[in-house]
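Along the sequence shown, residues are numbered consecutively beginning with 1. One-based numbering, in listed order, for ligands and for the atoms of each.
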Amino acid sequence: MLERELFQKAVQAKENAYAPYSNFKVGAALLTKDGKIYTGCNVECASFGGTNCAERTAIFKAISEGSKDFEAIAIASDNDTFTFPCGICRQVIFEFGKDIKIIVGDKDGKIKVVPIKELLPHGFSGQDLNK
Ligand SMILES: O=c1ccn([C@H]2C[C@H](O)[C@@H](CO)O2)c(=O)[nH]1
Ligand SMILES: [Zn+2]
């Protein structure tokens with residue numbers, strides 16, 4: 001699966017976003033090492049703390065379906081430029097692999113790929129708990 005194709009899946013997943021409060025729709029597409037794709041969107045809540053980001057929706061779907069070896073996650077919003085994952089999502093992505101590739105795109109179709117360890121330098125992980 002090409003990075004560009006995975007990004008397009010994230011663009012499609014964005015259509016299902018439930019974002020009536022922020023109006024900021026986000027889609028994510030998660031590629032597993034065995035070639036499966038799990039998509040996700042942000043789901044907001046009137047009690048704002050109940051909101052879940054697109055990235056974590058995709059990851060939690062995958063985990064709950066028995067997949068936990070991830071290759072890459074693509075993220076799309078309606079912004080003109082790249083939307084990188086928030087801090088909470090960076091930590092959750094890092095939980096499942098320090099080399100997972102983050103794929104973002106801009107309005108001109110430019111794709112950028114960055115490993116999660118670059119977005120979360122010195123990240124806390126299970127290793128710190130001797131796990
Ligand atoms: O990478 C991001 C950044 C933000 N959001 C969502 C959370 C909230 O619904 C809205 C505004 O922060 O966008 C995501 O899903 N992913
Ligand atoms: Zn997030």
Side-chain angles (χ1 to χ4, degrees):
M1 158 88 31
L2 292 172
E3 290 153 356
R4 189 168 300 283
E5 289 172 339
L6 195 65
F7 182 73
Q8 275 313 311
K9 300 267 183 203
V11 170
Q12 284 166 20
K14 172 167 62 67
E15 292 311 307
N16 291 329
Y18 176 75
Y21 306 107
S22 71
N23 289 315
F24 189 74
K25 293 184 167 193
V26 185
L30 178 68
L31 176 66
T32 68
K33 290 200 167 159
D34 59 356
K36 295 194 190 88
I37 294 173
Y38 294 90
T39 59
C41 61
N42 53 333
V43 182
E44 297 189 343
C45 181
S47 176
F48 297 160
T51 293
N52 205 55
C53 293
E55 298 91 320
R56 279 175 292 136
T57 301
I59 290 169
F60 296 159
K61 278 172 69 178
I63 298 293
S64 66
E65 301 282 326
S67 288
K68 62 173 163 44
D69 295 323
F70 306 137
E71 182 74 29
I73 184 166
I75 303 145
S77 77
D78 290 326
N79 274 0
D80 290 344
T81 189
F82 308 116
T83 296
F84 284 99
C86 79
I88 300 169
C89 291
R90 290 179 196 207
Q91 186 73 51
V92 172
I93 295 165
F94 196 72
E95 176 72 25
F96 296 102
K98 297 176 180 174
D99 294 314
I100 294 172
K101 289 183 271 178
I102 309 300
I103 300 169
V104 291
D106 70 10
K107 69 169 188 332
D108 301 322
K110 188 174 173 232
I111 298 282
K112 194 178 263 197
V113 185
V114 189
I116 186 62
K117 65 184 168 204
E118 280 185 26
L119 296 183
L120 196 67
H122 309 291
F124 185 79
S125 75
Q127 280 182 354
D128 297 290
L129 300 172
N130 300 315
K131 300 289 177 196

Check: Any chance the side chains of Glu95 and Ser125 put a donor and an acceptor closer than 3.5 Å?
Finding: no

Notebook entry, point to check: Which atoms from ligand 1 have a heavy atom of Thr51 less than 4.0 Å away?
Noted result: 8 (C), 9 (O)

Check: Does the pair Asp78/Lys14 count as a salt bridge with the N-to-O cut at 4.0 Å?
Finding: yes

Next item on the list: Salt-bridge test for Asp34 and Lys36: reply yes if a basic N is under 4.0 Å from a carboxylate O, no otherwise.
Entry: yes

Next item on the list: Among all protein heavy atoms, pick out the one at the shortest distance from atom 7 (C) of ligand 1; state its residue, atom name and that distance to 0.1 Å.
Entry: Cys53 SG, 4.0 Å

Notebook entry, point to check: Which of the atoms of ligand 1 are close to Pro85, meaning less than 4.0 Å from one of its heavy atoms?
Noted result: 1 (O)

Note to self: Can you name the atoms of ligand 1, numbered from 1 with element, that are less than 4.0 Å from a heavy atom of Glu44?
What the structure shows: 8 (C), 9 (O), 10 (C)

Notebook entry, point to check: In terms of atom number and element, which parts of ligand 1 are under 4.0 angstrom from non-hydrogen atoms of Ser22?
Noted result: 10 (C), 11 (C)

Item checked: Which atom of Lys110 lies closest to which atom of Phe82, heavy atoms considered -> O-CE2, 3.6 Å

Margin query: I'd like to know if the side chain of Thr32 pairs up with that of Tyr38 as donor and acceptor (distance under 3.5 Å, no hydrogens or angles considered).
Written below: no

Margin query: Checking a contact table here: which protein heavy atom is nearest atom 15 (O) of ligand 1, and how many Å away?
Written below: Ala54 N, 2.9 Å

Notebook entry, point to check: With a 4.5 Å heavy-atom cut-off, do Val104 and Thr83 have their side chains touching?
Noted result: no

Check: Would you say Cys86 contacts ligand 1, with heavy atoms under 4.0 Å as the rule?
Finding: yes

Margin query: Give me the nearest non-hydrogen protein atom to atom 2 (C) of ligand 1 as residue plus atom name, then the distance to 0.1 Å.
Written below: Glu55 OE2, 3.5 Å

Notebook entry, point to check: Within a strict 4.5 Å, meaning less than it, do heavy atoms of the Leu30 and Glu71 side chains meet?
Noted result: no

Notebook entry, point to check: Just checking, is any N or O donor in the side chain of Asn52 or Thr57 under 3.5 Å from an acceptor N or O on the other one?
Noted result: yes

Check: Just checking, any donor-acceptor pair under 3.5 angstrom between side chains of Asn79 and Thr81?
Finding: no

Note to self: Is the shortest side-chain heavy-atom distance between Tyr18 and Lys25 below 4.5 Å?
What the structure shows: no

Item checked: Asp106 side chain to Asp108 backbone, donor-acceptor under 3.5 Å -> yes

Checklist line | Closest protein heavy atom to atom 6 (C) of ligand 1, given as residue, atom name and distance to 0.1 Å | finding: Asn42 ND2, 3.5 Å

Margin query: What count do you get for protein N, O or S atoms closer to the Zn ion (ligand 2) than 2.8 Å?
Written below: 3

Checklist line | atom 3 (C) of ligand 1 - nearest protein heavy atom and its distance | finding: Phe24 CE2, 4.4 Å

Item checked: Identity and distance of the protein heavy atom lying nearest atom 5 (N) of ligand 1 -> Val26 CG2, 3.7 Å

Next item on the list: Determine, using heavy atoms of Phe84 and all atoms of ligand 1, whether some pair is separated by less than 4.0 Å.
Entry: yes

Item checked: Cys53 versus Cys89, closest heavy-atom pair with distance -> CB-SG, 3.4 Å

